[in-house]
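First the structure, in the form of structure tokens, and then the observations on it.
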Amino acid sequence: MPELPEVHGYQQYINSTCLNHKIVTLDVRDERLIKKPIKAFKEMLLGNSWVSTERVGKYLFVHVSSGDVLVIHFGMTGRPNYYHDSAERPRFGHIDIGFDNGYHFAFENKRKFGWWDITDTVEGYRKEHKLNIDARDLTFSQFIEAAAHRKTAIKNVLMNQSVTTGVGNWIADDVLYQAKIHPLKKANTLSKTELQTIYDKLQHVIEVAINLEARYVDFPDYFLIHVRKGREYCYHTGNELEKIKVGGRTTYFSAEWQEM
DNA sequence: AACGATGTTCAGAG
DNA sequence: ACTCTGAACATCGT
């Protein structure tokens, strides 16, 4: 279920398992998950190893000993799985790497919205794909600069990867809930104080989620995520949550708590 | 068994 | 040139 905190965890997982092993096999079960020809991936990976990783939002960059950078995006349903070759290949492990130590890295992707790409540098890729600073590294003034003038709903702004990267649907909902801001409020109508609150809650939600390794059930009670489904009730008001569409995504909020 | 889902991308409009 | 919107993408679990 990858948003920024999950991908952060995936990065730690990959760092502690997959680095510095020679890659001996690559199997891509569905080539729609790769954005370059299979040949290019084989040339980059086979005989080489993963050296280090960098995360920008939900994007994970792997520096390969070939000098290239592997770009991994987990989509809606991706997760890494490092398993020994005595075990069965995971059902949804659509891309699979074999290391010379007898272990494999399976890129599990149930809904096939995840993908791999190849690039030269992280910076180049960021520019090309208009990815702004990772939400965790963004300063308040950078947030103001990127967000305050936007004429669209604040929720769309939070999820726009060129404003800041890593915020997805549930984080945006939780941030606005905790900030007591209506998701449809236009960004350019928000006061400096409101923007500051949104920024602070964004940092808070991300840090809590990372510290708890994205185990939602362990999050504090005031997190929206516990009730972010049909016919549930606001922790503060006890009233039933509203469910609407914002920017094409399902959005939950508490009408009396997050007033327009 | 139709619908919704944590994701990005792209065309077209403003 | 930039910003915004909405549909498209794949397929599984409910």
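Lettering follows sequence order; numbering is per chain, from 1. Scope of the values below: all heavy atoms of this structure, side chains included, with no hydrogens, waters or symmetry mates.
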For residues 174-182 of chain A, run the donor-acceptor check on the side chains, cut-off 3.5 Å, and write out each pair with its distance to 0.1 Å, sequence neighbours left out.
from: A:D174; atom 1: OD1; to: A:Q178; atom 2: NE2; distance (Å): 2.9
from: A:D174; atom 1: OD1; to: A:L224; atom 2: N; distance (Å): 2.8
from: A:D174; atom 1: OD2; to: A:L224; atom 2: N; distance (Å): 3.2
from: A:D174; atom 1: OD2; to: A:I225; atom 2: N; distance (Å): 2.9
from: A:Y177; atom 1: OH; to: A:Y235; atom 2: N; distance (Å): 3.2
from: A:H182; atom 1: ND1; to: A:L184; atom 2: N; distance (Å): 3.0

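For A:K130 and B:dC10, the shortest distance from a side-chain N or O to OP1 or OP2 is not below 4.0 Å. Residue A:R32 places at least one side-chain N or O under 4.0 Å from the OP1 or OP2 atom of C:dA10. Close to B:dA5, at under 4.0 Å from its OP1 or OP2, lies no side-chain N or O of A:T77. When the side-chain nitrogen and oxygen atoms of A:K58 are compared with OP1 and OP2 of B:dT8, one or more of them lie within a distance under 4.0 Å. Contact between the side-chain N/O atoms of A:K110 and the OP1/OP2 oxygens of C:dG13 is found at a separation under 4.0 Å. In terms of phosphate contacts, A:N156 brings a side-chain nitrogen or oxygen within less than 4.0 Å of OP1 or OP2 of C:dT5.
Taking every side-chain heavy atom of A:F113 into account, C:dC9 is the closest of B:dT6, C:dC9, C:dC4.
A salt bridge does not link A:D134 with A:R136: none of the charged nitrogens is closer than 4.0 Å to a carboxylate oxygen.
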Self-check item: Bracket string, DNA chain C, 5' to 3' - pairs by Watson-Crick or G-U geometry under 3.5 Å, | interstrand
Solution: .||||||||.||||

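Residue contacts for A:G248: at a heavy-atom cut-off of 4.0 Å it reaches no nucleic acid atom on any strand shown.
Counting only distance, with no hydrogens or angles, the side chain of A:T251 and the backbone of A:R249 share a donor-acceptor pair below 3.5 Å. Side-chain atoms of A:R126 come within 3.5 Å of backbone atoms of A:L131 as a donor-acceptor pair (strictly under, hydrogens ignored).
C:dA7 and B:dC3 have their P atoms separated by 15 Å, with the value rounded to a whole Å. If you take atom P in B:dA11 and the same atom in C:dA10, they sit 16 Å apart, rounded to whole Å.
Taking the six-membered ring where the residue is Trp, the centroids of A:F219 and A:Y216 are separated by under 6.0 Å.
A donor N or O paired with an acceptor N or O is not found under 3.5 Å between the base of B:dG4 and the side-chain atoms of A:R249.
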